[in-house]
Amino acid sequence: MIKLWGRMSSVNVQKVTWSLLELNLDYQQVVVGGIYGGTDSIEYLKLNPTGKVPTIQDNELNIWESHTILRYLWSKYGEIATGSQEWYVGDQWMDFTNVNVMPHFIQLFWQEVRLPRVQRDPTKASFHKAELEKAFLFVEQRLQNNQWLNGKSFGPADIALGSLMERTADLTDILIKFEHLHSWVNNLRSRRPYVQTIMTDYDELRG
Ligand SMILES: N[C@@H](CCC(=O)N[C@@H](CS)C(=O)NCC(=O)O)C(=O)O
């Protein structure tokens, strides 16, 4: 059985649990990281020297970095052929998410949720909101002619970006601005694993 280490309040862990549920895989979760601790133990650092979450183990294989975990799970247990156009286009959107969306999402989330109010800087928050909007313009174009970011089938690229959407919708008005992005999010909201893993509160992270 697959073993997953990580706390459920982390978007990087959520994208792994969402994948495990979509792929109907049995797994055992060990809650570590954040207020739960455990990521600085010698045992954990042997599995993941960065001391971050998530980490998984599947038989002999032990990996960390959430997008690598997604690629592993979907290539081994999913249905999109790994050498196909659809696979690589999905891969491209996963990289796009990590490079163009994730840094601004994290900074905005810290500015508006995680930092104590006295330490927040509205100028920084506005900058990251604007950068997110620029990135979502490309996503909007992609979704204009494709139901899923992956293409015809729902896949790991939809999860990589989709895992950020509830928090992004709370902090920006991109769903009002981008019509196709909005219907994609509504399609995600109709999936049970999304409701179970992504439509959850993040009260324990508030500064
Ligand atoms: N690029 C890494 C980032 C991992 C990361 O920064 N995880 C955060 C949670 S989202 C973490 O471990 N924070 C410290 C903690 O939870 O103890 C990935 O995608 O897996």
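As the structure lists them, so they are numbered: ligands from 1, and atoms in each ligand from 1.
- Within 4.0 Å of ligand 1, counting heavy atoms only, the contacting residues are Arg7, Ser10, Asn12, Gly33, Gly34, Lys52, Val53, Pro54, Glu65, Ser66.
- Among residues two or more places apart in sequence or in another chain, the side-chain contact (heavy atoms from CB on, under 4.5 Å) test is passed with Thr68 by Glu65.
- Classification of the Trp93-Phe96 ring pair by plane angle, with boundaries at 30° and 60°, yields perpendicular.
- The local environment of CD in Gln85 is sparse, with at most 12 non-hydrogen atoms from other residues, nucleotides or ligands closer than 6.0 Å.
- Remark: Asn98 engages His67, Met102 in a side-chain contact (heavy atoms from CB on, under 4.5 Å) (not counting sequence neighbours).
- Atom NZ of Lys76 has more than 12 heavy atoms from other residues, nucleotides or ligands within 6.0 Å.
- Residue pairs meeting the salt bridge (Lys or Arg N to Asp or Glu O under 4.0 Å) criterion with at least one member in residues 87-111, sequence neighbours excluded, are Arg71-Asp91, Arg71-Asp95.
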